[in-house]
Amino acid sequence: LPVPSPQELVVFHADNHDLPGGASSDNSETVFSYPMYRRLRDGAANWQGIASRSSLTAQLSTSGSAERAQVEVVSGNFFETLQLKPLIGRLLSTADDGVRGASPVVVLSHGLFMRRFGGKNDVIGAKITLNGQTFDVIGVTPQNFHGVLGGDSPDLYVPMAMRPALNQDRDIDRPGSRWLTILGRIPAGASVETAQAA
């Protein structure tokens, strides 16, 4: 990935796929529940970060025109864990991912920024609509960042806390509902093997 120290990034994987409940995934990696992600994140104090992501398709409307858009739903620490800086504006933070439904903010991909908004910096503060919900544009990702899945290129990034507002899924906290890819940045100076053992 085009991020600082990419060799420190790992994807969480489980060999046992016969976990209770149901799973939905947009890639070939193991998916985990939101409660499992929170337990891993909160219990790994020495890691540089443990983040999560998923995706969904949404109806994007701006200035009277609409299109289908690929939305990356990410934990508030997603960009911090990747150690990315915005092209303009700011990226999502943990403050955006607190209260469920309280932070209708969005970060644009560089591709969407150029294609839909002409690369104009006054996009910061603009309002767009996703599945009928209004979001404020707060930033744009770096030009060379196209998400964390090979061959994928999300259009937008929204905080995990806004997922229920986009697809009416009010029960993202069910332990038996597995839908998140978890990635992490291992502790500074640690090997992957040491991090795996921990």
For Phe12, ring pair (Phe, Tyr, Trp, His ring centres under 6.0 Å) partners two or more places apart | Trp47

Are [X] and [Y] side-chain neighbours, meaning at least one heavy-atom pair lies under 4.5 Å?
X      : Y      : value
Val10  : Ile186 : yes
Ile138 : Ile124 : no
Phe113 : Asn121 : yes
Gln143 : Met114 : no
Pro154 : Asp152 : yes
Leu180 : Arg53  : no

Derivation of the side chain to side chain contact (heavy atoms under 4.5 Å, CB included) call for Ile50 and Thr81 = CA-CA 7 Å; Ile50 294 179; Thr81 299; over 6 Å; no

Once you round to the nearest 0.5 Å, how far does [atom1] of [X] lie from [atom2] of [Y]?
X     : Y      : atom1 : atom2 : result
Leu92 : Glu72  : CG    : CD    : 11.0 Å
Leu56 : Leu130 : CG    : CG    : 9.0 Å
Ser61 : Gln133 : OG    : CD    : 12.5 Å
Leu60 : Ser65  : CG    : OG    : 7.5 Å
Glu80 : Arg185 : CD    : CZ    : 10.5 Å
Ser52 : Arg38  : OG    : CZ    : 10.0 Å

Same cluster for [X] and [Y] if Ile/Leu/Val/Met/Phe/Trp/Tyr side chains link at under 4.5 Å?
X      : Y      : answer
Val11  : Leu149 : no
Val3   : Val74  : yes
Val73  : Val106 : yes
Ile172 : Met162 : yes
Val158 : Met160 : yes

Using 4.0 Å as the upper bound for N to carboxylate O, is an ion pair formed by Arg116 and Asp155?
-> no

For [Y], is there any backbone N or O sitting under 3.5 Å from a side-chain donor or acceptor partner on [X]?
X      : Y      : answer
Ser191 : Thr194 : yes
Ser109 : Leu112 : yes
Ser33  : Gly176 : no

Closest heavy-atom pair, Ser103 versus Pro159, reported as atoms and distance to 0.1 Å, is O-CG, 3.6 Å

Is it the case that Arg163 places NZ or CZ above or below the six-membered ring of Trp179, under 6.0 angstrom from the centre and within 45 degrees of the axis?
-> yes

Scan side-chain atoms only and decide if Thr141 and His110 contain a donor-acceptor pair under the 3.5 Å cut-off.
-> no

Mind jotting down which residue pairs meet the ring-ring contact (aromatic ring centres under 6.0 Å, His included) criterion with at least one end in residues 116-162? Sequence neighbours excluded, please.
-> Phe79-Tyr157

Sole residue of Thr62, Asp122, Val105, Ile128 in side-chain contact (heavy atoms from CB on, under 4.5 Å) with Val137 | Ile128

May I have all residue pairs that pass salt bridge (Lys or Arg N to Asp or Glu O under 4.0 Å) and include part of residues 186-198, sequence neighbours excluded?
-> none

Could you walk me through whether Val148 and Leu9 pass the side chain to side chain contact (heavy atoms under 4.5 Å, CB included) check?
-> CA-CA 11 Å; Val148 296; Leu9 295 175; over 6 Å; no

Non-neighbouring partners of Arg39 that pass side-chain contact (heavy atoms from CB on, under 4.5 Å), sequence neighbours left out = none

Can you list the residues that meet the side-chain contact (heavy atoms from CB on, under 4.5 Å) rule with Ala161, with sequence neighbours excluded?
-> Asp97

In terms of heavy-atom contacts, does CD of Gln59 have more than 12 from other residues, nucleotides or ligands at under 6.0 Å?
-> yes

Is it the case that more than 12 heavy atoms not belonging to Glu67 sit under 6.0 Å from its CD atom?
-> yes

Could you tell me which residues satisfy salt bridge (charged side-chain N to carboxylate O under 4.0 Å, His left out) with Asp136, sequence neighbours excluded, listed by chain and number?
-> Lys127

